[in-house]
Structures are given as structure tokens and as C-alpha cells.
Amino acid sequence: MIRHLLAAISALVLVVGPSVAVAENIVPEPRSYEKRNGVFTILTTTKITHYPELRSLAKYLAEFLPLPVREYNGEAGGDIVLRLNKNLADEEYRLSIGEQGIVIEGGAYGGAFNGVETLLQLLPAKVYSGAMALPVMVGCCEVEDAPRFAYRGFMLDVSRTWMTAGEVKRFIAVMAHHKINKLHFHLTDDEGWRVEILSHPELAEVGGFRGGDSPVAAIYGKWGERYGGYYTQQELRDIVDYAAVRNVEIIPEIDLPGHSRDLAKVMPGVLCNYEPTLTASAGYDRRNVLCAAKESNYTLLKDILGEIAAIFPSRYIHIGGDEVAFSQWLECPDCKALMAARGMKDGEELQALFMGRLAEIVEGLGKVPCVWNEAVAGGRFTRTSQVYGWESIAAARKAAADGYQTVVMPGQYFYFDMRQSQREDGHIWAAIFDARKCYSFDFTEQGFTADEMRNVQGVEASFFSEAYLAHRGMEPDYLYYMTYPRICSLSEIGWCGDSRSWDDFYGRLTAGHYSRLAAMDVDFRLFPPKVSYADGVLTASADDHSRLYYTVVGEDGTEHEYKGPITTDKPQLYAFRSRFGGAVSPEAGVEARFRMAQPAVTVTSSIPSSTRYPYTNAASYDGRIAYTGRTCKLDDWILYTFDEPVRCRRMEIRTGYIQLRRCIFEQGYVEVSEDGETFRRIGDLESGIGVIDNPDYAIKAVRIVSTKEGNGEAFVTLQSPLVYPLLQ
Ligand code: TNX
């Protein structure tokens with residue numbers, strides 16, 4: 001009877017047309033998925049029944065499917081059952097959807113969680129927006145699945161850019177939907193201390209904030225105001241619990257002994273024992289390495305790491321070890337004496353001693369130390385550690401070959417703070433790469449041997465956030481624009497084997513997964529549209545699922561929907577962008593649309609230039625930058641005089657580095673001159689940038705004038721003017 005009723009309801013539902021799930025677009029792709037005939041209909045009366053160990057998982061599932069939760073009592077049918085099966089590996093699972101019900105079996109909690117995530121992906125995407133109306137039908141199938149790697153991680157840098165506990169949880173929630181199971185939590189660095197330490201409360205209370213009256217200098221354009229934050233231990237425990245429900249282990253990092261400027265600002269006694277010369281840094285002590293010779297430092301670190309060990313249940317504590325400026329030790333009489341006493345010849349040996357002592361502390365706390373690859377470069381570091389190979393593929397392979405359990409994360413594939421195409425924002429030091437290039441990472445092709453692979457624990461991607469602050473205009477979604485869909489690629493590298501097919505992945509991504517990301521409210525990055533021009537016709541295309549728009553130079557910026565080829569003899573006026581929910585692509589167009597003019601220019605200033613980086617660099621248009629020879633003062637100016645007056649559609653005068661707007665004229669105004677003699681003030685700097693939009697005159701000279709006394713930096717960096725030519 002009930003069966004007939006259900007069948008009738010299913011039929012009705014089919015007619016009325018509620019959601020029928022599409023099955024094939026699962027990310028990361030399961031090892032085996034077999035479609036079966038029939039459907040199971042989830043009704044409001046369907047129960048989620050679970051083994052006692054899976055209670056929080058059942059409640060998690062009920063956040064998406066508003067169903068009653070019951071402990072499993074042996075009966076079957078008509079239910080969604082969450083079980084453990086000791087014959088499966090911990091993270092392995094089986095998902096079976098039959099007409100009578102759904103069974104998810106995991107080897108351990110993580111396996112069952114993975115099965116639940118796959119089930120969610122078999123439902124309509126709106127399940128992720130918390131708006132799943134019931135009944136909903138799901139096609140019958142059998143899934144058998146397990147990850148390739150036990151370690152599928154992501155590193156979040158909350159030191160450089162502060163994120164609230166709520167923002168961190170949201171990030172965890174989204175990555176967990178991709179079966180990423182480790183959050184490497186970069187809690188300290190030169191720019192911020194984010195974890196409450198009860199035995200030394202000033203670390204977070206002072207070191208969690210910068211700018212204003214904080215001893216920690218502001219960077220990247222927020223000089224005046226005090227800003228930042230830290231997590232209380234209670235908040236961190238809450239994040240740990242939240243993550244555990246989502247099968248995410250949190251591995252805390254305290255970055256030592258370098259990257260510790262913030263710590264040193266709060267406790268100057270941790271630095272080496274010498275008076276630094278501060279002329280080059282406008283009096284600001286930028287040292288960031290803990291003295292290796294001070295016993296008190298090890299006592300302090302024991303206190304700190306003891307509290308970290310108590311907050312985070314993970315077996316692992318990351319203690320950094322990257323980018324240590326040995327010069328500070330080599331200038332320190334105490335470090336030199338220590339080195340002499342131990343017969344050490346270089347900073348690397350002293351680093352091995354420092355990191356070795358930290359490792360002892362961590363092991364004494366019953367945990368495994370994790371380090372960045374530099375810490376083991378000399379091969380002296382304890383073999384019972386986990387190494388993060390970030391500098392290069394060779395560095396990752398070497399750590400694995402030397403017998404360290406290794407997490408592979410070379411920057412050119414896995415640093416998601418790198419820009420995704422030439423004209424977008426982000427770092428460039430490792431590479432410019434998008435989700436496709438990331439996806440192409442293949443252990444076999446990269447030459448990892450079978451021996452090395454035995455030590456590879458898995459993969460990790462990272463988002464270092466020193467440039468994040470400069471993108472407050474995109475807040476909060478610059479983070480998601482930079483990390484998705486690259487995390488989707490990461491999830492398959494970590495989950496599936498080598499030799500994956502991009503076309504297949506791209507198909508699943510665009511046809512199914514984009515909708516899920518949109519339902520999660522993730523403003524991810526779309527791939528740029530393809531644009532071509534031939535025989536007077538301009539054609540553009542995006543993926544089949546996004547909408548395509550264009551703007552025309554000279555109009556007011558309105559976006560028109562692209563409906564078909566555009567006949568024009570001025571293709572350079574058009575820029576195309578695709579959109580999918582809140583997701584957006586970078587602009588694309590014909591080459592000429594993005595070409596910049598490079599009119600001959602002379603740069604002068606009220607400040608003399610540095611000798612190594614003369615102002616001619618800023619007149620060269622070749623990407624080099626110039627430095628002033630001192631900090632900037634009130635009324636200082638920088639003047640750009642063009643050989644010939646310049647007609648253009650926009651001009652920008654920027655100070656600061658190209659990816660990181662640092663050492664900028666913080667506040668000031670812009671003056672232009674049509675004859676090179678008389679100047680008129682046309683506006684204020686916008687985030688340190690002088691902007692002239694749509695001038696209806698030719699610019700002979702432009703000058704920016706500081707209205708603020710310095711910014712705590714020793715110099716100002718200058719770039720070439722950005723001149724957007726007229727496009728008639
Ligand atoms: C290298 S990764 C760093 C970070 C920077 C990052 C920027 C690592 C161990 N050190 O301090 O933020 O590059 O991409």
C-alpha cells in the first residue's frame with residue numbers, strides 16, 4: 001500500500017516537476033558510479049537513521065534535508081541510513097540508492113561523511129542554499145569510492161588579513177563540500193598574531209591589531225586606523241568542533257623562528273642582542289627572527305606550543321621554518337658565540353638547532369612537528385616530522401626522497417594567491433595560473449618515483465593573504481574568486497589518480513558544479529570568454545552555462561547581454577565578461593582593447609631618488625620600479641612630464657609595488673597641466689592611486705602631492721604611468 005502511495009506521489013511529483021537530480025557531475029569524481037533504474041523519493045516523513053557514532057553527521061545532513069533524525073535500530077527501508085562498516089578503509093564509503101531507501105556506509109566517520117557529500121551532489125544544487133523543498137527524487141545508483149590521498153589540505157593565512165571565526169567556518173563549510181579534509185591554519189606571521197595565549201595575553205591583545213597606535217605597523221594602505229582581531233581559545237575550540245563535523249582536521253601553524261615580527265613587536269626581548277641600523281627603514285625595526293641563543297625564547301615557545309597543543313586535537317603542529325633571515329643571527333654576538341661553541345659554520349646549522357629544539361618541545365607534547373621544506377634542506381631535521389614542499393617540485397620530491405612524510409604544494413600549481421591571468425590581481429612570483437593549469441598537476445609526469453610516492457601524504461593549496469587587504473573593494477569575495485574553482489581542481493588531484501581528463505572535468509564543473517557553488521553563494525571565478533574578430537564581425541563565447549555580457553568604451557559602462565555576433569569596424573571598443581550567479585570572469589576582448597600607450601615621459605620629484613632604483617625606471621614602461629631616497633613628507637610631490645601632450649581615455653599614477661600597493665603616498669591629490677606650467681587640482685588619490693578619467697584635454701604633465709607626513713616606510717616606490725589610449 002505504502003509503496004503504491006509512494007509511486008503515486010513520485011508520479012505526481014514528476015508531473016508537478018520538482019527537482020530530479022542529475023547524477024554524473026560529481027566533483028571530485030568517485031572511483032565507481034553505477035546508475036540503476038528507478039528513483040527514491042525523499043519525503044518530509046523520510047527519516048535519517050544513524051549508528052550512534054554518526055549522530056553529528058546525521059544532524060549535519062539534516063541541515064540540508066530537513067528530516068527527522070533517529071538512532072539506527074536494525075530496521076531498514078524507507079530511510080536514509082548512515083552506517084559504519086569496518087571492512088572499509090577509514091575514508092572509504094559505499095553509497096547505495098535504491099527505490100526503498102538510501103544507505104551510506106563508511107569505514108569511519110570520515111568515510112560516511114564523504115558518502116553524505118556525494119549524496120548532496122546527487123540532489124538538486126539548491127540543497128546547498130538550505131532551501132531544499134521536499135519531496136525530492138534521487139536516481140538509483142551504487143557508488144564505491146575512496147580517496148587517493150589521506151591528506152587533502154588547504155592553508156588559510158589569517159595573519160596577514162584577519163578573518164572572523166564566522167568567515168573561517170564558512171570557508172571550511174565550502175571546502176568540506178569538496179572533500180578537502182585538512183585546514184592548515186596559518187595563525188601567526190609578521191603582520192598579526194591571531195591566537196589567544198592565556199599565559200601571555202598581550203600576544204593576541206596587542207599583536208592581533210595593527211595600524212593606529214599599535215606597535216605593529218600597518219601595511220598595504222591602511223596606515224591610519226587600528227584594525228585586526230584574534231580568536232579566543234573558546235572560539236578556536238568551536239571552530240575545531242565545527243570542522244570535525246565536516247571531516248576537517250585543523251592543523252595549527254605558529255610560524256617560527258622567522259616571520260615573527262609581530263611577536264617581536266609585542267615582546268622585543270625575543271630578538272637578537274644587537275642594535276640594528278634603522279636608517280634604511282625610517283627608524284622601524286623590521287627584524288623578524290627569534291634569537292637562537294636566548295634560553296628564555298625556548299621557555300616562551302614551550303608555553304605557547306603547550307597551549308596550542310591543548311586547543312587543537314590534531315596530532316600535528318606546524319612550526320614554520322620558512323624564509324629565516326640568517327643575517328640577524330650572524331650579527332648577534334650571542335648567536336655567534338653559540339655557533340662557535342658548537343662548531344657551526346652557517347645559519348642553516350643554527351636553524352637546525354633551533355628547529356630541533358622546537359621539534360623536541362612539540363614531540364614532548366605528544367604531537368608530530370610539521371615544517372616548511374627549508375627546515376629540512378640540510379637533511380638534519382627529525383625524520384618523524386611532516387614536511388610541506390612549497391618552494392618547488394624538486395624541494396617537495398627531495399623531502400619525500402629523504403624519507404620525510406611530505407605534503408606536496410609547489411607554488412606554481414598550488415599557491416592560489418597567484419594571479420589567474422596576466423591582467424588580474426595577485427602575486428606572480430611562482431607563476432600565473434588558473435584552475436586548468438592547477439588541474440594538470442600529475443605526479444607521474446612530474447617524475448615522482450614509487451619510493452617518493454610512498455612518503456607523499458597528499459596535496460595542499462594555500463592562500464597567503466598579504467594582498468587581500470588591498471582588495472577590500474571586493475570584500476568578502478576576493479578570497480573565493482582566487483580559490484574557486486581552483487579548489488575544485490585541487491579536490492580531484494587529491495581524490496582521483498593521475499592522468500585525469502580536463503575536458504571531462506570541465507564538463508562536470510560547468511554543467512553541474514557551477515550551480516552548486518552558486519547555491520553555496522560562492523562568488524567564484526569563471527574562465528575568460530573567447531573572443532575573435534574576422535571580416536568585420538566580432539564573436540564571443542563562454543561556457544554553455546554562463547551568461548555573456550559586453551560593455552562598450554565611450555558608453556556609461558552598461559552591460560549588454562551578448563545575443564550573437566556583432567558587426568563593427570571598431571572591435572577594440574568591446575569588452576566581454578561572463579557571469580553565473582555571483583561568479584564573474586575577467587574581461588576579454590581583442591588585443592587592441594587592452595593595449596596600453598607608452599608615451600615618452602620624464603619623472604621628477606621633490607624627493608631625491610634612490611641610487612639603485614632611479615626615476616628613469618618609472619619612465620621605462622618595462623615593469624621595473626623606482627624608489628625614492630627617503631620617506632615621503634607633507635607636500636612632497638612626484639611629477640610626470642610627457643614629451644608630447646597625451647590624449648587618452650584614462651590615466652593612472654600608481655605608487656607602491658605592482659602586486660602589493662605598499663609604500664604608497666597614503667593621502668594626497670592629483671594635479672594636471674596642459675602646458676607643463678600651470679597646474680589645476682582635479683581630485684584626491686583613490687587608495688593611493690591618481691586617476692584621470694576621460695579627460696577632454698591633452699595632458700602635458702600630471703603631479704601627485706602628498707597631504708600626509710610619511711607612512712612609516714623608508715621610501716616610496718614609483719611605477720610607470722598607466723596610459724589607456726583613446727579607442728576610436
Ligand atoms: C611565500 S609559503 C611565503 C609567504 C608568502 C607567500 C606569498 C611560505 C612558506 N612563505 O610568507 O606570503 O610566499 O605567495
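Atoms within each ligand, like the ligands themselves, are counted from 1 in listed order.
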Near ligand 1, at a heavy-atom separation below 4.0 Å: residues by chain and residue number: Arg160, His259, Asp322, Glu323, Trp372, Trp390, Tyr415, Asp417, Met418, His427, Trp429, Phe464, Glu466
Arg210 side chain near Glu191 side chain, heavy-atom distance below 4.5 Å: yes
Side chain to side chain, Tyr439 and Phe505, heavy atoms closer than 4.5 Å: yes
Lys NZ or Arg CZ of Arg170 over Tyr480 ring: under 6.0 Å, within 45°: yes
Residues forming a ring-ring contact (aromatic ring centres under 6.0 Å, His included) with Phe326, sequence neighbours excluded: Trp329
Short side-chain donor-acceptor distance under 3.5 Å, Trp390 and Glu374: yes
Modelled atom types, side-chain donor and acceptor of Gln420 and Tyr481, under 3.5 Å: no
